[in-house]
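Heavy atoms only: backbone and side chains are in, while hydrogens, waters and symmetry mates are out. Keep in mind the model is a prediction, meaning the values are calculated, not measured. Throughout, residue positions are numbered sequentially from 1 according to the sequence presented.
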Amino acid sequence: MDSAGDGTGGLDALLVCLQLTDSAFPSGFYTLSHGLEGYAQAKAVTPDTLPALLADLLRHGVGPSDATALVLAHRAATAGDWALLAETDRRLHATRLNRELRLAATRTGRQLLDIARESMGGEALDRYAALVAAKRAPGCQAVAAGVAYASAGVPVHQAVTGDLFAFCASFVGAALRLRLTDHRKAQVLLRAAAPVIREVVSGALERDLADLGGCVPVADVMSGRHERAEARLFMS
């Protein structure tokens, strides 16, 4: 019986999502605070405002940029459109306004790509790796994730949902290390983000390449200040 008949195709897609979004997956996501440490250093976030900050970052930053790029990369890899894939990667990289954010995106992206090729394999990952090696694509995390999901046959809506949850889990993990929340409240925060994740997924699925790019100027300022901080726990 084939995968469509016995349901194993859907189960395998779920297993890939669980593996790629697991905090134990060594992409380097645990080294990122997604701007949160900059807010904490500036005393611009409190435990009470943490949920609103996460929602704003999802709606105006991650959704229009990374989530949209993941969707476009997934579709490009599925269609074998390598020129579109490279253009998506370059455009996403160009939206990073400072060195810290660009370095974080490419360091985690190239690590994810390398491990996904070894653990999952597939032509799409090999073709994308060749683009990165030839410096035709920078290797951003969201694009690498989109290619990995596409290569493993994970549907695009499931892929972008999983990656957005991984972002939220990483953000909350950073909040724990920065003592902005505790383990119980962290779970409340994650669950409360579900409606925003659904909203952001819907928006990402509808955008095209011309719409790629978020607008979170305060977060960009905080990241710039964090890049110059004398002491840092996270790389972003």
[X] atom [atom1], neighbour heavy-atom count above 12 within 6.0 Å:
X      : atom1 : result
Arg102 : CZ    : yes
Arg136 : CZ    : no
Arg107 : CZ    : no
Phe25  : CZ    : yes
Arg177 : CZ    : yes

Nearest 0.5 Å please: distance from the [atom1] atom of [X] over to the [atom2] atom of [Y].
X      : Y      : atom1 : atom2 : result
Leu50  : Leu189 : CG    : CG    : 5.5 Å
Leu113 : Glu118 : CG    : CD    : 11.5 Å
Asp22  : Cys17  : CG    : SG    : 12.0 Å
Glu87  : Asp81  : CD    : CG    : 10.5 Å
Thr68  : Leu209 : OG1   : CG    : 10.0 Å
Leu70  : Ser65  : CG    : OG    : 11.0 Å

Same cluster or not: are [X] and [Y] linked, directly or through other Ile, Leu, Val, Met, Phe, Trp or Tyr residues, by side-chain heavy atoms under 4.5 angstrom apart?
X      : Y      : value
Leu112 : Val62  : yes
Val216 : Leu97  : no
Val147 : Leu205 : no
Ile197 : Phe167 : yes
Leu92  : Trp82  : yes

For the residue pair [X] and [Y], establish whether any side-chain heavy-atom pair is separated by less than 4.5 Å.
X      : Y      : result
Pro138 : Arg90  : yes
Arg59  : Glu199 : yes
Val132 : Tyr128 : yes
Met222 : Leu36  : no
Leu20  : Tyr149 : yes
Ser170 : His34  : yes
Arg127 : Leu131 : no
Tyr39  : Thr49  : no

Which heavy-atom pair separates [X] from [Y] by the least distance, and what is that distance?
X      : Y      : result
Asn98  : Gly224 : ND2-N, 3.6 Å
Val200 : Ala67  : CG1-CB, 4.5 Å
His74  : Ala159 : CD2-CB, 4.1 Å
Gly153 : Ala13  : O-CB, 4.4 Å
Gly109 : Ala144 : O-CB, 3.5 Å
Ala73  : Thr88  : N-CG2, 4.4 Å

side-chain hydrogen bond (donor to acceptor under 3.5 Å, both in side chains) partners for Asp126, two or more places apart:
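Scan of Asp126 (side-chain hydrogen bond (donor to acceptor under 3.5 Å, both in side chains), adjacent residues dropped) gives Arg117.
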Identify which one of Val201, Leu164, Leu53 satisfies the side-chain contact (heavy atoms from CB on, under 4.5 Å) criterion when paired with Leu58.
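The option that passes is Leu164.
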Expected output: side-chain Asp89 to main-chain Cys140 donor-acceptor under 3.5 Å
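A pair under 3.5 Å: yes.
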Please check: side-chain N/O of Glu37 versus main-chain N/O of Phe234, any donor-acceptor pairing under 3.5 Å?
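Answer holds: yes.
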Can you see whether Ser223 engages Glu100 through a side-chain donor-acceptor pair at a distance of less than 3.5 angstrom?
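Judged by distance alone, the side chains do pair up.
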Any luck finding a side-chain donor-acceptor pair between Thr106 and His93 under 3.5 Å?
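No - no donor-acceptor pair under 3.5 Å links their side chains.
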Ion pair check, Asp220 and Arg96, cut-off under 4.0 Å:
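Arg96 and Asp220: not salt-bridged.
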